[in-house]
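Read the structure below first, then the notes.
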Amino acid sequence: MDILISGASVAGPSLAFWLQRYGHSVTVVEKAPALRGGGYAVDFRGKVHLATLERMGLRAQLEARATHMGDIALVDGEGAQVSALPSAIFSGDLEVLRGDLAEVLYGATRGRVRYRFGDQITGIAQDAHGVDVTFAHGEPGRFDLVVGADGVHSAVRRLVFGDDPAHRKPLGVYGGVFTMPGTMGLRRTGIIYSEPNRSVSVMSPHGGDQIVSMTFAEPGLDFDHRDVEQQRQLIAERFAGVGWRTAELLAAMGRAEDFWFDETTQIRLDRWSQGRVVLLGDAGFAGGPGGNGTGLAVVGAYVLAGELDAAGGDHAAAFGRYERLLRPYVATCQRQADGSPDFLVPSTWKKIAQRNRFFKTVRYVPPARRLFKYLATRTATAFELPDYRLPALV
């Protein structure tokens, strides 16, 4: 089949990897002018995620780029460490920078997959035999199937499933991420400072540059996800007067060229497909922080491609089976993410102190540390990976 995928971050190239191996003709359209590099760290947890990477033949490449982060220091306003987060809570079993993951996936697919950067889908019209697609810049085309793997703000979801607010479940937490030159002497370590409803983290996975995250809780905030300057102003206003070295970080934010901001949101749909169009990854089932989003994208791509192959071209049967298999797994991950605001941005000084005491106990009591490791991976492993026909790697 001739298949169009919207989105070249993680879910899209992961699906393209499998589809081209199964013999399909694949085009990936991405609105960014080039592959996005750098960015925040993403992780894979437990045997389900790692087995999928093994079947792709990409685990070794990703392990070569792993951050190998140690424990993360929790500090007070003077910068003194009061506790530490075990690396398992942030890094899982294999953590890489999102840009490094994108580069590996792109490198594994670009030889047999057509990538169209700097363009995006503007119209979709389907009939019983195919899908007619228009683009912002390129010539229109007709495809057998279209896959929306274009994130929380998916254009494919909006065009085909509508822009119903009921599809989104905001978690009331907003975050800005950017890179700045290293000023804190960190290498494979990080620091977190919290005040009620505000948290600042600085990580340096490989030494050198620091990745800064500034997160705050404010349910119902209205903002334009395309207006970067408005987003910088929101961060500057919410973190004005916050202690530790926050003023230094705010100054660096104003100079950062890779600033990114968004709300933590879950996507919940009654159906992930309509006719010849199907959703994958955050476009269809974003989990939110702690919801195994990267692992879900990669596992979901494996399942969707495998079911299309097993169904022998019957896309309706494949889409139905894909959803029946994956939906319970997605629901489990989303339930775990529901509690993320309390961890990311505790609402009172008392809750911050309780969090710090809990992780101090985990760090120094080996049985508690082992239990925490189990709890950090159990949701990610709550799925039995299907065995599909795997075409030879070429």
Side-chain angles (χ1 to χ4, degrees), residues 7 9-12 14-15 42-53 88-89 92-93 147-154 156-158 160-173 219 262-274 277-308 310 316-344 372 374-388:
S9 181
V10 176
S14 296
L15 180 62
V42 297
D43 63 71
F44 299 94
R45 297 169 184 262
K47 60 183 181 180
V48 175
H49 296 178
L50 297 178
T52 306
L53 297 178
I89 196 169
D93 294 299
V147 182
D150 43 354
V152 171
H153 303 290
S154 169
V156 173
R157 187 182 68 244
R158 184 183 69 253
V160 177
F161 297 82
D163 198 16
D164 188 344
H167 294 165
R168 303 168 63 91
K169 181 187 176 183
L171 299 181
V173 176
D262 211 344
E263 178 182 19
T264 57
T265 302
Q266 293 181 345
I267 300 299
R268 300 193 176 201
L269 298 171
D270 293 334
R271 288 176 58 88
W272 297 343
S273 66
Q274 188 174 120
V277 179
V278 65
L279 300 175
L280 173 67
D282 283 355
F285 42 82
N292 300 301
T294 304
L296 275 178
V298 173
V299 172
Y302 168 78
V303 172
L304 178 54
E307 290 302 325
L308 280 169
F319 291 170
R321 175 80 174 157
Y322 154 71
E323 184 165 343
R324 287 193 296 273
L325 284 172
L326 209 63
R327 188 175 282 278
Y329 187 35
V330 168
T332 298
C333 293
Q334 287 184 332
R335 282 195 297 272
Q336 175 171 277
D338 281 339
S340 60
D342 288 338
F343 167 75
L344 292 172
F372 187 82
Y374 162 74
L375 294 175
T377 60
R378 65 173 180 171
T379 299
T381 60
F383 183 69
E384 185 173 344
L385 204 63
D387 287 321
Y388 298 117

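Below, each value reflects all heavy atoms present in this structure, side chains not excepted, and no hydrogens, waters or symmetry copies. Starting from 1, each residue takes its place in the sequence as its number. What you see is a predicted model, and the numbers here were worked out from it, not measured in a lab.
- Within the 3.5 Å criterion, the main-chain N or O of V152 finds a donor-acceptor partner in the side chain of R157.
- Applying the side chain to side chain donor-acceptor pair (under 3.5 Å) test to S154 and every residue at least two apart in sequence or in another chain returns D150.
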F383 and L326: side-chain contact (heavy atoms from CB on, under 4.5 Å), yes or no, with the steps? CA-CA 8 Å; F383 183 69; L326 209 63; 4.0 Å; yes

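- When side chains are defined from C-beta on, F285 does not count as touching L279, because their heavy atoms never get closer than 4.5 Å.
- In terms of heavy-atom proximity, G291 sits nearest to L296 at O-CD1, 3.6 Å.
- Remark: D387 pairs with R55 by the salt bridge (charged side-chain N to carboxylate O under 4.0 Å, His left out) rule, at least two apart or across chains.
- Every side-chain contact (heavy atoms from CB on, under 4.5 Å) that N292 has, sequence neighbours left out, goes to R45, H49, C333, Q336, T379, A380.
- Of the residues listed (T52, D93, L53), the one engaging F44 in a side chain to side chain contact (heavy atoms under 4.5 Å, CB included) is L53, and it is the only one.
- By the side-chain contact (heavy atoms from CB on, under 4.5 Å) test, R327 is found to be paired with W272, E323, residues two or more places apart in sequence or in another chain being considered.
- Proximity of a side-chain donor or acceptor of Q266 to a complementary backbone N or O of A286 within less than 3.5 Å is not detected.
- More than 12 heavy atoms of other residues, nucleotides or ligands lie within 6.0 Å of CG in D164, so this atom counts as buried by the packing criterion.
- Of all non-hydrogen atoms in A149 and A11, the two that sit nearest each other are CB-CB, 4.0 Å.
- In terms of the salt bridge (charged side-chain N to carboxylate O under 4.0 Å, His left out) criterion, residue partners of R321 (sequence neighbours excluded) are, by chain and number, E307.
- Nearest heavy-atom pair across E263 and G172 is OE2-N, 4.2 Å.
- For D338, the salt bridge (charged side-chain N to carboxylate O under 4.0 Å, His left out) test picks out K169, R268, with sequence neighbours left out.
- Applying the side chain to side chain donor-acceptor pair (under 3.5 Å) rule to R335 yields the partners T332; only residues at least two apart in sequence or on another chain are considered.
- Looking at residues two or more places apart in sequence or on another chain, you find a side-chain contact (heavy atoms from CB on, under 4.5 Å) between P289 and L171, T264, S340, L344.
- Residues meeting the side-chain contact (heavy atoms from CB on, under 4.5 Å) test with S273, sequence neighbours left out: R271, V278, F319.
- Identified under the salt bridge (Lys or Arg N to Asp or Glu O under 4.0 Å) test for residues 282-297, with sequence neighbours left out: none.
- Across all their heavy atoms, A337 and G287 have their closest contact at CB-O, 3.0 Å.
- A search for ring pair (Phe, Tyr, Trp, His ring centres under 6.0 Å) contacts involving Y388 returns Y302, not counting sequence neighbours.
- Residue V10 is tested with L280, T294, V42 for a side chain to side chain contact (heavy atoms under 4.5 Å, CB included); the sole match is T294.
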